[in-house]
Number of protein chains: 2
Amino acid sequence: MLRRTVAAFDNWTVAPMTLDELKSHLLADIPLARAMALDLAGWDGRTFVVTAPLEPNRNDKGCAFGGSLASLMTLAGWGASVLRLGERAEGAEVYVQDSHIRYLAPVWQDIVIHAFSDDEAPEAFAAAYLDRGRARTHVQAECRLVDGTVAASLSARFVAIDPKRPRPAS
Amino acid sequence: MLRRTVAAFDNWTVAPMTLDELKSHLLADIPLARAMALDLAGWDGRTFVVTAPLEPNRNDKGCAFGGSLASLMTLAGWGASVLRLGERAEGAEVYVQDSHIRYLAPVWQDIVIHAFSDDEAPEAFAAAYLDRGRARTHVQAECRLVDGTVAASLSARFVAIDPKRPRPAS
């Protein structure tokens, strides 16, 4: 029997929503999102941009705390996965399964994260979800400085599950 | 020339300190550590245990937010690296370079993280640091449920740098 992979991250039931609605949902339901002063800057159909001010996310040196970067990049990746499902996502549960994070340079400014699909065929994610009620996608997220430097990066795998569909037998 | 790998995470100058002093330092200097209500439960010379209550670290389902798990596991790995240097760590700057995180099961209880060396010869880390003023170590961190289940795991590489030593020329 297939062991259902469950994850602790962001397994919301997602209905089609605007960025403002998504932001309200995150801030209302996740105390740490409020503590980080998360903001959602945009979604152009390919890239999801998440921001946060430096001050609540600093370490003792005054640059960005790695825990904040890890958390914000994972949230950005989750958001990019959810938003790619679009209206088809109604009822989908989207989880992170694993991630690889690299810390490349300190961040002395407000935090800006860009998240986008790392799949060769991104549209296959939504198609597979519609077809089978379960699909995986790879997402890349980058913390980019004003000068374009990538200060941290995340490569992660997310899964979307339709809880109304029967699970595969094996 | 060797490009110095800098990281956004936890690059404190570390003096020998007790767990209480380390905790005070973390809570005073990192707003997110306060928001997560971080606590340091113990260090036996091999394993460093970090805890946090569920409530400030929950998601909308009421289980642990993956961002909190990522952040707490990385902090635990950093602490395990620092504590292994012991008194030799005075002045050391300890950074995370990269990490691989797996989310295996939801966490419906207060969070307990165990972090320990993943090196074949853990003592080589402190020895190399003393010898060369720069050393790397691999750390494993696990979020363990009361029944022993590993609900999330982190495998990470940390580097300790003595800022008083000249950097290698290449």
Side-chain angles (χ1 to χ4, degrees), chain A residues 3-13 25-26 28-38 55-75 78 93 95-108 111 143 151-157, chain B residues 3-13 25-26 28-38 55-75 78 93 95-108 111 143 151-157:
Chain A
R3 179 177 179 281
R4 183 176 176 186
T5 302
V6 291
F9 203 93
D10 306 340
N11 48 342
W12 295 291
T13 297
H25 181 60
L26 295 174
D29 291 340
I30 302 186
L32 211 67
R34 291 196 296 277
M36 296 190 294
L38 172 82
E55 176 53 31
N57 294 297
R58 64 175 169 78
N59 64 18
D60 73 320
K61 299 288 189 192
C63 61
F65 173 56
S68 288
L69 293 177
S71 191
L72 291 165
M73 288 193 295
T74 313
L75 263 175
W78 173 85
E93 294 180 352
Y95 305 80
V96 64
Q97 293 195 306
D98 56 57
S99 64
H100 181 211
I101 299 174
R102 294 191 305 159
Y103 300 88
L104 303 165
V107 177
W108 297 97
I111 299 166
C143 175
S153 71
L154 168 143
S155 176
R157 186 171 56 165
Chain B
R3 182 178 177 278
R4 182 174 175 186
T5 303
V6 290
F9 202 94
D10 306 340
N11 48 340
W12 297 290
T13 297
H25 182 60
L26 295 173
D29 291 340
I30 303 185
L32 211 65
R34 290 196 296 279
M36 295 189 296
L38 172 81
E55 177 52 30
N57 295 298
R58 64 175 170 75
N59 64 20
D60 73 321
K61 298 289 187 189
C63 62
F65 173 54
S68 287
L69 293 177
S71 191
L72 291 166
M73 288 193 295
T74 313
L75 264 175
W78 174 85
E93 294 180 351
Y95 306 80
V96 64
Q97 292 196 306
D98 56 56
S99 64
H100 181 210
I101 299 174
R102 294 192 304 159
Y103 299 89
L104 303 165
V107 177
W108 297 97
I111 298 165
C143 175
S153 70
L154 168 143
S155 176
R157 186 171 54 166

Checklist entry - Of the options B:Thr74, B:Ile101, B:Asp98, which is the one that meets A:Ile101 in a side-chain contact (heavy atoms from CB on, under 4.5 Å)? => result B:Ile101
Checklist entry - What part of A:Ala152 is in contact with chain B, defined as an atom under 4.5 angstrom from a non-hydrogen atom: side chain, backbone, both or neither? => result neither
Next on the checklist: Between B:Ala35, B:Pro56, B:Ala28, B:Ser155, who has the most heavy-atom pairs with chain A when the cutoff is under 4.5 Å?
Outcome noted: B:Pro56
Checklist entry - Can you find a pair of side-chain heavy atoms, one from B:Phe65 and one from A:Ser71, that are under 4.5 Å apart? => result yes
Item to check | Leading residue by heavy atom contact count with chain B [cutoff under 4.5 Å; candidates A:Arg58, A:Glu55, A:Met73, A:Arg157] | outcome: A:Arg58
Checklist entry - Where is the tightest heavy-atom contact between A:Gly67 and B:Leu32, given as atom of each residue plus distance? => result C-CD2, 4.4 Å
Checklist entry - Does A:Arg102 have any side-chain hydrogen bond (donor to acceptor under 3.5 Å, both in side chains) partners at least two apart in sequence or in another chain, and if so, which? => result none
Checklist entry - Listed by chain and number, what are the side chain to side chain contact (heavy atoms under 4.5 Å, CB included) partners of B:Ala156, not counting sequence neighbours? => result B:Val96, B:Ser99, B:Leu154, B:Phe158
Checklist outcome for this item: Here the pair of heavy atoms bringing A:Asn59 nearest to B:Ile30 is CA-CG1, 4.0 Å
